[in-house]
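One structure below.
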Amino acid sequence: MSAAPRIAPSALFTPQEWAPFQMRSAWAGPLLVAHCWAVIALAVVAGVLIPWLIPLCIMVVGTRQLGLAILMHEAAHGGLSRSNRLNDFLGHWLCAVPIGASLKAYRPYHLTHHRFAQQAEDPDLMLSAPFPVSPASLRRKLIRDLTGQTFFKQRVLLPLAQARSSGPRDDGAHDYEAIVTGRSVLPFLAFNVVLLAAFIAAGVWWAFFVLWLLPMATWFPMVTRLRNIAEHACVEGSAVDPFRAARTTRAAWWERAFIAPYWVNFHAEHHLFMHVPCWKLPALHRAIHAKPQAEAMEVAPGYASVLKAVTRQPE
């Protein structure tokens, strides 16, 4: 098996230039987790108090549910805390379980993706290999996300299929779906029962369904798809050039608020140096782009341009 091409930090930076990117913070990761839950809580309160804001609140909550997945991803790289125990506690119980995931299952899966990025052994290759597609094909995928069909497949059909058979699947389901939604069913259900009880105790039982479950069934799957597309789809030379292992997408403030939280858009930098904490990726982006080697990197001006690039296939 051929591993993805790599470069050492010394190929770009002096030891003094690289030193800030090696430092780990004791507080940044926990604060990001707290921030994510605070935004979710504020959006829920806003939706309860001002019902006409509910559509906007659904988008905010769904994006922060993706934020929990991103922070779980950060924990998979050990980036949420200097303490391994705290890192794994935050990444699993406060990030993974609420969205139906398992940090223990996700970590080896994701590190395999980094080791074989865009090679035949990459477990995420199926996310980018079908592209480019036609605009109609992408529209159908996004409609399935926004109408809850993707959610139903991942949260109901896939766990039921796994419960019936412990052998290899022949339904074409992607491994990522099994890792993120199929191996943490009981903790996910227990978390949601407790959360529903809290909403009932607060006298707003309906808000659990409208402002937590509905975003998870609609906006969360859609922005997760957009994230996956933007990261690797249609990046030529990604299997042989470490600077082209992924795409970075410049995100406006509204894209960071509704599509790409917690610097997930800096994916090319993350694949170059995967142990740099996510909150340092903007600085790493600037540092790399001060070097001539950065000319090889795939950088999109926004998510609209990415979607245009990946829908070049004729109808």
Are M72 and L111 connected into the same hydrophobic cluster when the rule is that any two of I, L, V, M, F, W, Y join if their side-chain heavy atoms are below 4.5 Å apart?
no
Any non-hydrogen side-chain atom of F258 less than 4.5 Å from a side-chain atom of V223?
no
Would a 4.5 Å heavy-atom cut-off, applied to side chains only, mark P135 and R139 as touching?
yes
Suppose we call two aromatic rings close when their centres sit under 6.0 Å apart. Are F21 and W18 close by that rule?
yes
Same cluster or not: are V235 and V240 linked, directly or through other Ile, Leu, Val, Met, Phe, Trp or Tyr residues, by side-chain heavy atoms under 4.5 angstrom apart?
no
Give a yes-or-no answer on whether the side chains of T248 and E269 include a donor-acceptor pair shorter than 3.5 Å.
yes
Indicate whether the side chain of W93 and that of D88 have a donor and an acceptor atom separated by less than 3.5 Å.
no
For A230, is there any backbone N or O sitting under 3.5 Å from a side-chain donor or acceptor partner on R247?
yes
So P242 and L272, do their side chains get closer than 4.5 Å, heavy atoms only?
yes
Distance-only, no hydrogens or angles: does the E255 side chain make a donor-acceptor pair with backbone N or O of A260 under 3.5 Å?
no
Counting only N and O atoms by type, is there a donor-acceptor contact under 3.5 Å from the side chain of R64 to the main-chain atoms of W37?
no
Check: R115 side chain, D122 main-chain N or O, donor-acceptor pair, under 3.5 Å
no
Inspect the surroundings of NZ in K291 and state if more than 12 heavy atoms from other residues, nucleotides or ligands are less than 6.0 Å away.
yes
Side chains of C57 and V44 in contact at under 4.5 Å (non-hydrogen atoms)
no
Between the main-chain N or O of F151 and the side-chain N or O of Q154, is there a donor-acceptor pair closer than 3.5 Å?
no
Taking C-beta and beyond as the side chain, do S25 and W279 meet within less than 4.5 Å on heavy atoms?
yes
Do we see a donor-acceptor contact under 3.5 Å between the side chains of R250 and Y303?
no
Are F209 and V194 joined in one hydrophobic group, where the rule is that I, L, V, M, F, W and Y side chains link up if heavy atoms are under 4.5 Å apart?
no
First locate atom CG of L94, then atom CG of L68, and finally report the distance between them rounded to the nearest 0.5 Å.
9.0 Å
Approximate separation, where rounding is to 0.5 Å, of L90 CG and L103 CG:
10.5 Å
Are the side chain of T147 and the backbone N or O of I143 linked by a donor-acceptor pair below 3.5 Å?
yes
Name of the residue among V204, I54, L53 meeting side chain to side chain contact (heavy atoms under 4.5 Å, CB included) with V48
V204
Are the side chains of L71 and C36 in contact, using a 4.5 Å heavy-atom criterion?
yes
Compare all side-chain heavy atoms of I7 with those of F273 and state whether any distance is below 4.5 angstrom.
yes
To the nearest 0.5 Å, what is the distance between CZ on R225 and CE on M222?
10.5 Å
Search all heavy atoms of P98 against all heavy atoms of W212 and return the closest pair with its distance.
O-CZ2, 3.5 Å
Between V306 and I229, is a side chain to side chain contact (heavy atoms under 4.5 Å, CB included) present by the stated rule, with each step listed?
CA-CA 8 Å; V306 172; I229 291 171; 4.2 Å; yes
Any donor-acceptor pair under 3.5 Å from H92 side chain to V97 backbone
no
With a 6.0 Å cut-off on the ring centroids, do H113 and H271 count as close?
yes
Within the structure provided, determine whether Y262 and L66 are in side-chain contact (heavy-atom separation under 4.5 Å).
no
For the hydrophobic clusters of this structure (ILVMFWY residues joined by side-chain heavy atoms under 4.5 Å, transitively), does one cluster hold both M274 and I288?
no
Look only at the side chain of N228 and the backbone of T224, and say whether a donor-acceptor pair between them is shorter than 3.5 Å.
yes
If hydrophobic clusters are built from ILVMFWY residues whose side chains come within less than 4.5 Å, do I50 and I58 share one?
yes
Take V310 and V133 through the side chain to side chain contact (heavy atoms under 4.5 Å, CB included) test and state the conclusion after the steps.
CA-CA 6 Å; V310 303; V133 298; 5.7 Å; no
Apart from L31 itself, what residues make up its hydrophobic cluster when side-chain heavy atoms of I, L, V, M, F, W and Y under 4.5 Å apart count as a link, directly or indirectly?
W27
Could you give me the CA-CA distance, side-chain angles and deciding distance for F208 and N192, then say whether side chain to side chain contact (heavy atoms under 4.5 Å, CB included) is met?
CA-CA 9 Å; F208 169 81; N192 279 275; 3.6 Å; yes
Donor-acceptor pair, side chain of Q65 and main chain of M216, under 3.5 angstrom:
yes
Enclosure of W206 CH2 (heavy-atom neighbours >12, cutoff 6.0 Å):
yes
Less than 3.5 Å apart, any donor N or O on the side chain of H73 or H270 sitting next to an acceptor on the other?
yes
Decide side chain to side chain contact (heavy atoms under 4.5 Å, CB included) for L284 and F266; before the verdict, give the C-alpha distance in whole Å, the side-chain angles of both, and the deciding distance to 0.1 Å.
CA-CA 9 Å; L284 181 61; F266 292 102; over 6 Å; no
Distance flag, aromatic centroids of H232 and F131, threshold under 6.0 Å:
no
Could you give the side-chain donor-acceptor pairs of residues 78-85 under 3.5 Å, partners two or more places apart or in another chain?
residue : atom : partner : partner atom : Å
S81     : OG   : S83     : N            : 3.1
R82     : NE   : R24     : O            : 2.8
R82     : NH2  : R24     : O            : 2.8
S83     : OG   : R85     : N            : 3.4
S83     : OG   : L86     : N            : 3.2

Which label fits H285 and H289: parallel for a plane angle under 30°, tilted from 30 to 60°, or perpendicular past 60°?
tilted
Measure from the side-chain N and O atoms of R256 to the backbone N and O of A251, and report whether any donor-acceptor pair falls under 3.5 Å.
yes
